[in-house]
Visitor: 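Please read through the structure below; I'll follow up with questions.
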Amino acid sequence: SGNRPDKYERTELYCGTYDIKCGSDYMARPPIPPIYFFVIDVSQKGVENGSIDTLCNVLTEFVTNDYFWGDVRTKIGFLVYDTNVSIVNLHSKLKQPQVVTLTDIENLTRLPIFDHLLVTLSESKDIVLKFLKALPTMYAQTKDNGSNLFNAVRVSASILRRTGGRMYVVQSNSSLLAEPNLHAKAGTDNKKDNKTAGTPLFPSGSRFFELTPDMQQNFVSCNLFVFSKDYRNLVTIAELPRYLNGDIYYYPEVPERSYKFYYELRNSLSREYTWESVFRVRISSGWKITQKYGNYSIKASGDLLSLPNVDGNKALVYEVELDGEVAKSNCFYLQTALLYTNSQGDRRL
């Protein structure tokens, strides 16, 4: 008949999409567990807008009911910030969580990075729940209106350097410290200036972008949940999810934003993700890829895209065109491959 007799014994010959388990040649290190790290703005704005309460309610639900992916392997960690940046020790043998404010924030080599800033959730479940219960009341009376977002992300990236993982940043305050370039662009807030009302927006500083190469190399992704009454160049801090395959959610001051945050956070946490992922596309001879669109970084080899975490909501768009005057075949072939670690710790392709 002209068909291979073993066609239905080989998945790759009869399935358009298939999945195989990889050997050690496809691992730069042992597969990481699912890691969730929460970076929380605890300034006065964070208290007033209700984001701290909503976050703690959602996380308490997930921790109590074991909703996180990864079973007994899952790790979790927290960092809180306002004018100061504080790390949270959640060792399972502690009676109460320890919140430690960092004083020498500029020199990360001197930071007290304990082994228990990332804890196995199944072992530290009780103390994590204590922290989530206590957090809203710890800062309920705060008058601190600063927001040290840049250093909060920088310290979090340092904590995740050895492991990778998903970083969830809840940002409430528009007054970012040490970021003089993060101001409202001309024509965005001033309605009288009609000439620049339609001007495209570009990042006004590079400090956040400069964090991304090292984070991408260590398979750290970043997801932003931004609450703000005033515009403060969201485009600049959006460089983090842009290059780290993350998401950005924006909540202007409207009555329903707490509900929106609640459901979008639950949706983000409940999705199944791949971990430490790389992606490649191959196409027919005679064609070339001219452009790629999406949240990604390009690895050193040139055609490999680094996607620290991937879920079913992500999309990449490729533009292709003829490399010559005519195609070498009347068929166009496209092959994609995603190398990743699943939540159960298997390295797969």
Side-chain angles (χ1 to χ4, degrees), residues 11 15-22 26-39 54-55 57-78 118-125 128 156 160 163-170 215-216 218-225 240-249 260-281 294-297 304-317 336-349:
T11 307
C15 286
T17 302
Y18 62 97
D19 190 78
I20 58 176
K21 190 171 182 178
C22 299
Y26 291 85
M27 302 179 192
R29 60 183 179 183
I32 67 168
I35 294 173
Y36 300 86
F37 195 81
F38 298 91
V39 184
T54 302
L55 175 70
N57 289 338
V58 172
L59 294 184
T60 297
E61 177 187 357
F62 271 68
V63 173
T64 302
N65 297 291
D66 299 321
Y67 286 163
F68 283 104
W69 289 91
D71 302 322
V72 297
R73 302 172 62 251
T74 303
K75 291 183 177 290
I76 195 170
F78 296 89
L118 282 175
V119 296
T120 302
L121 185 54
S122 58
E123 298 174 357
S124 298
K125 184 174 182 178
V128 169
S156 300
L160 295 171
T163 60
R166 290 183 62 77
M167 185 188 302
Y168 287 82
V169 180
V170 181
M215 294 172 70
Q216 171 265 321
N218 296 311
F219 293 103
V220 178
S221 71
C222 184
N223 303 277
L224 288 175
F225 297 82
L240 293 169
R242 177 184 178 187
Y243 290 101
L244 299 172
N245 197 228
D247 300 311
I248 185 165
Y249 301 88
K260 191 171 186 290
F261 175 49
Y262 172 83
Y263 287 109
E264 288 181 338
L265 178 62
R266 288 187 86 258
N267 178 269
S268 179
L269 292 173
S270 61
R271 298 180 209 158
E272 185 173 14
Y273 293 91
T274 72
W275 307 85
E276 46 189 355
S277 313
V278 289
F279 182 73
R280 169 178 280 167
V281 170
N295 290 357
Y296 65 86
S297 292
L304 284 178
L305 302 189
S306 176
L307 310 174
N309 306 139
V310 184
D311 64 85
N313 285 17
K314 293 292 185 297
L316 293 169
V317 177
T336 66
L338 180 71
L339 176 65
Y340 67 96
T341 299
N342 67 12
S343 295
Q344 288 69 45
D346 294 329
R347 193 67 172 158
R348 305 194 70 86
L349 182 64

Visitor: In terms of ring plane angle, is the pair Y168 and F38 parallel, tilted or perpendicular, where the classes change at 30° and 60°?
Guide: parallel
Visitor: Do Y67 and S270 have side-chain heavy atoms sitting under 4.5 Å apart?
Guide: no
Visitor: Should the ring pair F261 and F225 be called parallel, tilted or perpendicular, given that the plane angle runs from 0 to 90° and is split at 30 and 60?
Guide: perpendicular
Visitor: Hey, what do you get for OG1 (T163) to CD1 (I35), rounding to the nearest 0.5 Å?
Guide: 3.5 Å
Visitor: Can you tell me how far the CG atom of L121 sits from the OH atom of Y36, to the nearest 0.5 Å?
Guide: 10.0 Å
Visitor: Are the side chains of V119 and I76 in touch, meaning some heavy atoms are under 4.5 Å apart?
Guide: yes
Visitor: Show the nearest heavy-atom pair for residues I32 and G164, with the distance to one decimal.
Guide: CD1-C, 4.5 Å
Visitor: If the threshold is 4.0 Å, N to carboxylate O, is there a salt bridge linking D247 and R271?
Guide: yes
Visitor: Flag the pair F37 / F78 as yes when their ring centroid distance falls below 6.0 Å, and as no otherwise.
Guide: no
Visitor: Mind listing the closest non-hydrogen atom pair of S156 and V39 along with its distance?
Guide: OG-CG2, 3.2 Å
Visitor: Are D346 and Y340 close enough, and set up right, to give a side-chain hydrogen bond (donor to acceptor under 3.5 Å, both in side chains), and what steps lead you there?
Guide: CA-CA 8 Å; D346 294 329; Y340 67 96; over 6 Å; no
Visitor: Please round to the nearest 0.5 Å and tell me the distance separating atom OG of S297 and atom CZ of R242.
Guide: 10.0 Å
Visitor: If you compare all heavy atoms of S122 against all heavy atoms of V72, which two are closest, and at what distance to 0.1 Å?
Guide: OG-O, 3.3 Å
Visitor: If you round to the nearest 0.5 Å, how far is CG of L339 from CG of L304?
Guide: 9.0 Å
Visitor: Looking at every heavy atom in both C222 and L240, which two are closest together, and how far apart are they?
Guide: SG-CB, 3.9 Å
Visitor: Apply side chain to side chain contact (heavy atoms under 4.5 Å, CB included) to N295 and Y243, showing your working.
Guide: CA-CA 5 Å; N295 290 357; Y243 290 101; over 6 Å; no
Visitor: Please check if the number of heavy atoms outside D311 that lie under 6.0 Å from its CG is greater than 12.
Guide: yes
Visitor: Check E276 against T341 and note the closest heavy-atom contact, atom names and distance.
Guide: OE2-OG1, 3.0 Å
Visitor: Check whether any side-chain heavy atom of R29 sits under 4.5 Å from a side-chain heavy atom of F219, and report yes or no.
Guide: yes
Visitor: Please assess T74 against W69 for the test side-chain hydrogen bond (donor to acceptor under 3.5 Å, both in side chains), listing each intermediate value before the final yes or no.
Guide: CA-CA 7 Å; T74 303; W69 289 91; over 6 Å; no
Visitor: Evaluate side chain to side chain contact (heavy atoms under 4.5 Å, CB included) for E61 paired with N57, printing each intermediate quantity in order.
Guide: CA-CA 6 Å; E61 177 187 357; N57 289 338; over 6 Å; no
Visitor: What's the separation between atom CG in L244 and atom CD in Q216, rounded to the nearest 0.5 Å?
Guide: 7.5 Å
Visitor: Kindly give the heavy-atom pair with the smallest separation between S343 and E272, and that separation in Å.
Guide: OG-CG, 4.4 Å
Visitor: Quick one: ring pair (Phe, Tyr, Trp, His ring centres under 6.0 Å) partners of Y273, sequence neighbours excluded?
Guide: none
Visitor: Do L59 and V128 come close enough that some side-chain heavy atom pair is under 4.5 Å?
Guide: no
